[in-house]
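Comments concern the structure below.
Quick caveat: nothing in here was measured; it's all calculated off a predicted structure. Residue numbers begin at 1 in each chain, while the letters A, B, ... track the order of the sequences.
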Amino acid sequence: MGIIQSYGLRLARKRWRFRAFRKRRELVPVIDRTARIRSGDILVFSTLRNERIRLPWFLRYYRDMGVDHFLVVDNDSADGSREYLAEQPDVSLWHTQASYRRARFGVDWLNWLQMRHGHGHWCLVVDPDEFLVYPFCDSRPIRALTDWLDASAIRSFGAMLLDMYPKGPLEAQPYREGQDPFEIASWFDSGNYMIRRNPRFGNLWIQGGPRARAFFPDNPERAPALNKIPLVKWHRHYAYVSSTHMLLPRGLNLVYDEWGGEKASGCLLHAKFLDTFAAKAEEEMLRRQHYAGSHEYRAYHAALRDGTDLWCKWSEKYINWRQLEILGLMSKGNWA
Amino acid sequence: MTTAGTVGFVMLCHAALDRAAEVARHWAQQGCPVVIHVDAKVGRAAVDRMRHHLADLPDVRFSPRHRCEWGGWGLVGATLDAATLMLDEFPGVRHVYLASGSCLPLRPAAELAAYLDARPNTDFIESVTTEDVGWTIGGLSMERFTLRFPFSWRSQRKLFDLWVRVQRVLRLKRRIPEGLVPHLGSQWWCLSRQTLSAILKDPDRPIYDRYFRQVWIPDESYFQTLVRLHSARVESRSLTLSKFDFQGKPHIFYDDHLQLLRRSDCFVARKAWHRADRLYAEFLRPVDPAEARAEPNPGKIDRLFSKAVERRTRGRPGLYMQSRFPNENWENGRTGGPYSIFQGFGDVFVEFEAWLARTVGLRVHGHLFAPDRAHFAGGERIYNGCLSDSAALRDYDPKAFLTSLMWNTRGERQCFLFGPRDNQALNWFIAGDANAQISVISGAWAIPLFRAKGEFSDLRREAARLQKIESDQLHVLRSPWTKARTRIWTLAEFLENPVEPLQSIIDEISPTALRRLTEVPRMADLTGFGRFLQELRNQGMQPTLVGDVPLGEDPKPAIGRRGRPYLVK
């Protein structure tokens, strides 16, 4: 990479950081418990809107994993999410009524909070419907992973988004508060992913899965990106560029090996396709606050109206991380 | 039974002091003297707390603190001081065991003492000459001893590398002190009192120390080299279980390794994760001599960790995923398993797929790369791994389509039809794939044209287009970079004698079957085909890839020739 390109990326990074700095005014603290964060704590950052029903399981899942503190931006929920989160002893909460889209889908807000509170910590940036699975997650807490990454001088950990779906129509099995969403959405696509390299940022761009197959069979380039780098040993100079798909400096995007080996990686199980999805798709389509004019949600809406069933006879039923590793969706790398 | 007090432990600690203290207590309570060295970088409060925790144990000492940089002299200096202290203070000690603060005792100290007493005057220290070491980091083995290393490898890497290069170019070399033969090995050893005190009290020690201060990573070479001067008997292996990954960093043990560690035959394991509560609770329990030990099976641990290194360096062949996306030619196997491509066979024979599936008992797809959709076996719309038959999705990333299919079906050979009407994007990729077996009947694309109704000028144009595509493809298949197993016949050659080629392909697909073909696929009706070819020629289009079909004569399907010796009915 030439000096000019490298300098261009540096400027881009500074621009994103400055943008995040400006957007800090949009965040109003509801309850700020960040004084309780101790050095070495593992932090979760999240933006949400109207996700009340998902929150109990979300918090429980990551608490059990060993996350110490949650920093959440509430984008004007009206369903009690804010009140619920404010009561939690390990949550710091900010509220905003500003545009999600103009905060680049929440990236600016979280970049700011990470700059402020994430420096020197392992930070996990996830949505309330994303659940991290990493090698040995059933027997080792997340701190075992971050300690190992520290010892190996690895700063970022990739986890591909794995769309999970139920068998049959989405409305057939209603989700109860506090329930493990993967009791319902327990199926996934094991081997239909398309990967290419992004030459500018050096990350992989992954598409495919049930959304590409069911919603975008005719214009695959519009299928949503599934590559994610959610877990990073944060430094205040870092910045996410677009969702958690890629970051700057670009060295953080090298979560894959180019010489035949496998680096350690995980999966973000995506519990998007529950009975709550239809209402969400409707709302988001009208709000037009999502990526590329919410075209994604329009496609979902159309497909759901026709009663599309994402399940097929080749769908795999989720068992555990070892299954994902055998299927080649994630890898232990040299962590044993 | 011997008492454990004859073994003294030297512990080098730099982090997680509370765990180190637990281990020290465990040993001390079994009667073993322990000398602890704490890195000078550790804060006073933590050290004071550790001293306080261990204050009730009479046989625990703290040695003078050194600053230990990785690869520097500090660790050796600390070991020398601690070992001196051990020998001076505990005259009953017959063996000194060097361990780190993150080591985990796997077996009772009394067993270790008995083991050592059964092997008197033996020093357990891995000590190998530099020529025999394959594992050195940074490519330096002998040069560790002949160059100088004033810069830190960790924090001043560029200067370090530069200085090494300068010395190589200028041929600057240090002289190795007389009598020393450089040896390397694991830094965790167990030496007898005689050997250790001989090393410590050697009159030439100031010379050696001065020399080794400038050697790179002296903790892997100081004792390993000097032991060769003084030891009566070197057993070149470590009693500490220690596994290294591809970067020379030790693997860490967690709670889920408990069963594996139980079956290790080593006395101490390095290194345990400091929060592995179950491991510590289990192995630091007070020793119950009546307890039966699990049968040692160290091979299992070896396999686990060598597989991890293999996975990190070589990966799984044919896998493309979020953390393995190899550059071209670094795939270590472009696809997950062998597969067969048949070009032209679907045109020459009627229902070739069904016949092939019956004959070899494998999955036979139609034209996977056809323009309308991917024709999976059995007409399925979605296939193994949820691969979609959408042509747009497939053509968006054809390589991912093929490699996913081969990965999803690994263990079961896939066969599919191909032809010049299909997407040609993967020609180079497939040609370079040693898993591919490609059989081509060139010019067979003319048969569907011959059977098609329509304007002859259109057919002629189509024939020219297909011939161009196929000849480009054959050019690729015949290139010197091709690794695929390729067989190419012209249509005329093939029609001359179709059974032998079929037999050889099938023998290769299922070599164990050793069957003679009893049933050959039905051939398309070719009455008037020779005339059709001549018509093409007359219109100015040379169907060269079809081969030499004589004018006006219809090719004789050899299937009719009954009674050939290799056709067993």
Which of the residues [options] is involved in the greatest number of heavy-atom pairs with chain A at under 4.5 angstrom?
options: B:His274, B:Glu331, B:His257; value: B:His257
options: B:Asn384, B:Leu405, B:Asn408; value: B:Asn384
options: B:Arg314, B:Arg316, B:Arg394, B:Lys243; value: B:Arg316
options: B:Ser323, B:Ala308, B:Ala392, B:Gly315; value: B:Ser323

Query raised in the report: Taking it one step at a time, do A:Tyr165 and A:Trp311 satisfy ring-ring contact (aromatic ring centres under 6.0 Å, His included)?
Result: CA-CA 7 Å; A:Tyr165 47 84; A:Trp311 186 89; 8.5 Å; no
Which bit of [X] comes within less than 4.5 Å of chain A, counting heavy atoms only: side chain, backbone, both or neither?
X: B:Glu310; result: neither
X: B:Ile252; result: both
X: B:Asp245; result: side chain
X: B:Arg410; result: side chain

Below 4.5 Å from any heavy atom of chain B, which atoms of [X] appear? Answer side chain, backbone, both or neither.
X: A:Trp205; value: side chain
X: A:Leu329; value: backbone
X: A:Glu258; value: both
X: A:Gln207; value: side chain
X: A:Leu327; value: backbone
X: A:Asn227; value: neither
X: A:Leu204; value: side chain

Are a donor atom and an acceptor atom from the side chains of [X] and [Y] found within less than 3.5 Å of each other?
X: A:Asn198; Y: A:Arg250; result: no
X: B:Arg334; Y: B:Asn329; result: yes
X: A:His270; Y: A:Asp129; result: yes

**Report entry** Any side-chain heavy-atom pair of A:Pro135 and A:Glu325 under 4.5 Å
**Finding:**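 No, every pair of side-chain atoms sits at 4.5 Å or beyond.
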Query raised in the report: Of all heavy-atom pairs between B:Ala400 and A:Tyr193, which one has the smallest distance, and what is that distance?
Result: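 Residues B:Ala400 and A:Tyr193, closest heavy atoms: CB-O, 3.7 Å.
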Of all of [options], which one pairs up most often with chain B through heavy atoms under 4.5 Å apart?
options: A:Cys312, A:Ser265, A:Cys267, A:Ala214; value: A:Ser265
options: A:Met330, A:Met160, A:Arg196, A:Glu316; value: A:Arg196
options: A:Leu226, A:Ile206, A:Asp147; value: A:Asp147

Query - Pair B:Phe253 and B:Phe305, ring centroids less than 6.0 Å apart - result: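 Aromatic pair counts; centres sit under 6.0 Å.
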Report task. State yes or no: are the ring centers of B:Tyr383 and A:Trp314 separated by less than 6.0 Å? Result ->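 Under 6.0 Å, so yes.
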Report task. Measure up the B:Tyr320 and B:Phe325 rings against each other and bin them: parallel (under 30°), tilted (30 to 60°), perpendicular (over 60°). Result ->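 The rings of B:Tyr320 and B:Phe325 stand perpendicular, inter-plane angle above 60°.
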Query raised in the report: Should the ring pair B:Tyr339 and B:Phe416 be called parallel, tilted or perpendicular, given that the plane angle runs from 0 to 90° and is split at 30 and 60?
Result: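 Parallel.
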Requested in this report: Cation-pi check, A:Arg140 to A:Trp335: give yes when NZ or CZ is under 6.0 Å from the six-membered ring centre and within 45° of the ring axis, no otherwise.
Outcome: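 Yes, A:Arg140 sits over the ring of A:Trp335.
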